[in-house]
Amino acid sequence: MSTESKESLNFIEQIVEEDIASGKHNGAILTRFPPEPNGYLHIGHAKALWVNFGISQKYGGKTNLRFDDTNPTTEETEFVDSIKEDIEWLGYEWDGEPLYASDYFPQLYQFAIDLIKKGLAYVEDSSAEEIGKMKGDIGVPGQNSPYRDRQIEENLRLFEGMKNGEFPDGTRVLRAKIDMAHPNLLLRDPVLYRIKHETHHRTGDDWCIYPLYDFAHGQSDSIENITHSLCSLEFRHHRDLYDWLIEKLEIFPSRQIEFARMNVEYMITSKRRLPKLVNEHFVNGWNDPRMPTLSGMRRRGYPPAAIRNFCRDTGLAKRDNLIEINKLEYAVRQELNKTAPRVMGVLDPLKVVITNYPEGKTEDLTLINNPEDESQGSRILPFSREIYIEKKDFMEDPPRKFFRLGPGKNVRLKGAYIVHCDGFVKDESTGEVTEVHCTYYEDSKSGSDTSGVKSKGVLHWVSIDHAVKVEVREYDRLFTEPSPLGHEGKDFLEFFNSDSLVINDNAFVEPSLKNAKPGDRFQFMRMGYYCLDEDSNDEHLVFNRTVTLKDTWAKVQKKNN
RNA sequence: AGACCUAUGGUGUAAUCGGUAACACAGCUGUUUUUGGUGCAGUCGUUCUAGGUUCGAGUCCUAGUAGGUCUACCA
């Protein structure tokens, strides 16, 4: 039968399958995830993780975790730890121990000597500024450095001097000798090594010369026998140098393949700008639930599976893209719908008195925890004469399609009874309804309703005597523009959404939530998904809003206005 | 200005390498429902432009156009 439609492959999978078919590297597949430990992992890294681990998992290979730690000025152990934690949380497992480019410093130094001996590298005495001037321009050839034709012996001696700390920072560099007129600026004698008398987070003061990205990344790939080095599009030009070095050094031929990184509306992933949000206190740290970081999304309540599915569903190609935020939210809701237990929480309380319900009486009702997953069982919920409902669920003068509570209307209290609204109390000075009076139909109890009373709407509620007062943090998008970096002449901070966090300290939830642990995720019925924040303690529960539920009623109302 | 990369519905991706455009999200309509949630059904809408090759082009060729990347001793 040919009813089974063939799965389509993304362009990297196609390359990998071709390589396997041709017997390249005997079919071995080894990828790597190479973060620089100078910040926290973000949604863009999630995509890179998904690509690298996804390929190796699919084709029976492995993935190394390698920290690209060749710049002692910006890198810290704090970031190493957070990166490892985030990768594991996302659900990926690297092969063996974490690796570090800094572990290869001795080898890299030997590679440099090899290049010098081959007459393919030289020590440059010019300043950074002078080197820049001699580089030429786009479309304009550069000029050869006066030091370009130094003798091999002298280069060897000077390079060793650099390593031994004989020269101050910035006085000399090692450059590859390629072509100062090359159309690709990166091949105009690129700098390979620079002097930095700084303490490295792992090698301490062992070295005062450090290789640059182009002389560390590809060589590390090669040392590890990485078969497919998958990176983002902006490294396309580096590939020419990547290949040149592999060829000249005669080392393992790793292959670099570039893909378009994922951009998401209302998020930024710039390694220069993300720290700004933290350092200038626009947000409360790297794991602020508004941040596009993995730790932020974790705290916000996004399940790792949702992020993985999102990466899968957005595909892989080579064109620039801007993914709609609703695609992410769909993935989050989809996952949470299956997994998050339903509970009741009233975010904006309005008191309801059920006047024909006995004072002092409490009933234990049984509610299903998750209609999408029977295995989650049920729980007990107390019902009594005085309850809170959502303020928005009552209207003094409701429009025709309003299925909720209003004078003379019936409504079902979720898992409890149908009530009839007989009246309400209004504060005449403010015009605000402060209390609603209802009577309940005794034989309309959920699950054993014999009343025959009709009611279209269903409301969530909490018993006032039993409810727990909590703090709820309502998060919204961090920026007011889908593409905050895409406005020429305007700083992205101009688009910071000052309403991205609204704190509500007058919310009430059902008593079962007293047992929740930080990180636990729930659906507050009819409202959204919420996650218990780490700021919670026994006396004070704090919930983060992960994402709202879809609200077609709100949409209808909006349309009518 | 040079070189390189990219161009398919509102968004993102696919069409197994020339055989007559599809999937997901969003939108819209209906339906189910003790969450105006979920599910289900339906619907809207697409190959940058101009030439060329071919019986046939989203796929190949040429020329445009548009967008992106590159002139850090960052990665």
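Each chain gets a letter, A, B and so on, in the order its sequence line appears, and its residues count up from 1.
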*Counting side-chain heavy atoms from CB outward, which of B/rA26, B/rG36, B/rG37 is closest to A/Asp551?*
B/rG36

*Sugar-phosphate only, base, or nothing, as touched by A/Lys454 at under 4.0 Å among non-hydrogen atoms*: nothing

*Between atom CD in A/Glu329 and atom C1' in B/rG37, what is the gap in whole Å?*
15 Å

_Taking the minimum atom-to-atom distance to the side chain of A/Lys555, which one of B/rG27, B/rU34, B/rA75 wins?_
B/rG27

*asked:* Considering every strand and a 4.0 Å limit on heavy-atom distances, what is the contact class for A/Arg172: base, sugar-phosphate, or nothing?
replied: nothing

*Tell me whether the OP1 or OP2 atom of B/rG12 has a side-chain N or O from A/Arg319 closer than 4.0 Å.*
no

*Most 5' of A/Lys271 and A/Ser448 on RNA chain B, judged by nearest nucleotide*: A/Ser448

_Just to be sure I understand the rule, does A/Ser126 reach a base, reach only the sugar-phosphate, or reach nothing, if contact means heavy atoms closer than 4.0 Å?_
base

_Cation-pi, A/Tyr109 ring and A/Lys163 (6.0 angstrom, 45 degrees)_ = yes

*asked:* Could you tell me how far B/rU8 sits from B/rU49 if I compare only their C1' atoms? Round to whole Å.
replied: 15 Å

*Any side-chain N or O of A/Arg272 under 4.0 Å from OP1/OP2 of B/rC74?*
no

*Determine the contact category for A/Lys401: base if any of its heavy atoms lies under 4.0 Å from a base atom, sugar-phosphate if only primed atoms, P, OP1 or OP2 are that close, otherwise nothing.*
base

*Separation of A/Gln14 atom CD from B/rC17 atom C1', in whole Å?*
9 Å

*B/rG36 P sits how many Å from A/Gln523 CD, rounded?*
10 Å

*What are the two closest non-hydrogen atoms of A/Ile307 and A/Ala46, and how far apart are they?*
CG2-CB, 3.9 Å

*Expressed as a whole number of Å, how far does the C1' atom of B/rG30 sit from that of B/rU16?*
38 Å

_Rounding to an integer number of Å, can you tell me how far A/Leu9 CG sits from B/rA15 P?_
8 Å

*What is the nucleic acid contact for A/Phe402, judged by heavy atoms within less than 4.0 Å: base, sugar-phosphate only, or nothing?*
base

*When the C1' atoms of B/rG56 and B/rU20 are considered, how many whole Å apart are they?*
8 Å

*How about A/Tyr213 and A/His217: are their ring centres within less than 6.0 Å of each other?*
yes

_Stacked cation flag A/Arg150 on A/Tyr122, 6.0 angstrom / 45 deg_ = no

*Decide if the gap between the ring center of A/Tyr530 and the ring center of A/Phe543 is smaller than 6.0 angstrom.*
no

*Does any N or O donor sit under 3.5 Å from an N or O acceptor when you compare the side chain of A/His460 with the base of B/rU35?*
no

_Between A/Arg261 and B/rC5, is there a contact of a side-chain N or O with OP1 or OP2 at under 4.0 Å?_
no

*Taking 4.0 angstrom as the limit, do A/Asp221 and A/Arg66 come out as a salt bridge?*
yes

*Distance between the C1' atoms of B/rG12 and B/rG51, in whole angstroms?*
31 Å

*Let me know the distance between NZ of A/Lys327 and C1' of B/rG9, rounded to the nearest Å.*
13 Å

*Mind checking A/Leu212 for me? I need base, sugar-phosphate or nothing, with any heavy atom below 4.0 Å counting as a touch.*
sugar-phosphate

*Rounded distance (Å) that lies between atom P of B/rU35 and atom CE of A/Met525*: 7 Å

*asked:* Say we look at B/rA50 and B/rA57: how far apart would their P atoms be, to the nearest angstrom?
replied: 14 Å

*Take the protein atom CG of A/Asp240 and the nucleotide atom C1' of B/rC5, then report the distance between them rounded to whole Å.*
12 Å

*Determine whether any donor atom in the side chain of A/Arg236 lies under 3.5 Å from an acceptor atom in the base of B/rU69, or the reverse, and answer yes or no.*
no

*Using the six-membered ring for Trp and the full ring for Phe, Tyr or His, decide whether A/Trp553 stacks on the six-membered base ring of B/rG36 (centres under 5.5 Å, planes under 30°).*
yes

_Derivation and outcome, side chain to side chain contact (heavy atoms under 4.5 Å, CB included), residues A/Arg342 and A/Asn337_ = CA-CA 9 Å; A/Arg342 273 58 171 170; A/Asn337 179 49; 2.6 Å; yes

*Distance in angstrom units between A/Glu36 CD and B/rA75 C1', rounded*: 5 Å

_Selected nucleotide, minimal atom distance to A/Phe235 side chain, candidates B/rG12, B/rG2, B/rA75_ = B/rA75

*To the side chain of A/Leu185, which of B/rG27, B/rU34, B/rU71 is closest?*
B/rU71

*asked:* With rounding to the closest Å, how many angstrom separate the P atoms on B/rC61 and B/rU69?
replied: 26 Å

*Closest to the A/Phe403 side chain: B/rU6, B/rG2, B/rG36?*
B/rG36

*Which listed nucleotide (B/rA75, B/rC28, B/rG37) is nearest to the side chain of A/Thr552?*
B/rG37

*Output yes when at least one side-chain N/O atom of A/Lys135 is less than 4.0 Å from OP1 or OP2 of B/rA72, else no.*
no

*With a distance cut-off below 6.0 Å to the six-membered ring centre and an angular limit of 45° from the axis, does A/Lys196 pair with A/Tyr210 as a cation-pi contact?*
no

*Mapping A/Leu186 and A/Thr74 to their closest nucleotides on RNA chain B, which lands nearer the 5' end?*
A/Leu186

*B/rA22 to B/rC44 separation - P atoms, rounded to the nearest Å*: 12 Å

*Using a cut-off of 4.0 Å on non-hydrogen atoms, how would the nucleic acid contact of A/Val173 be classed: base, sugar-phosphate, or nothing?*
base

_Say we look at B/rU29 and B/rC17: how far apart would their C1' atoms be, to the nearest angstrom?_
40 Å

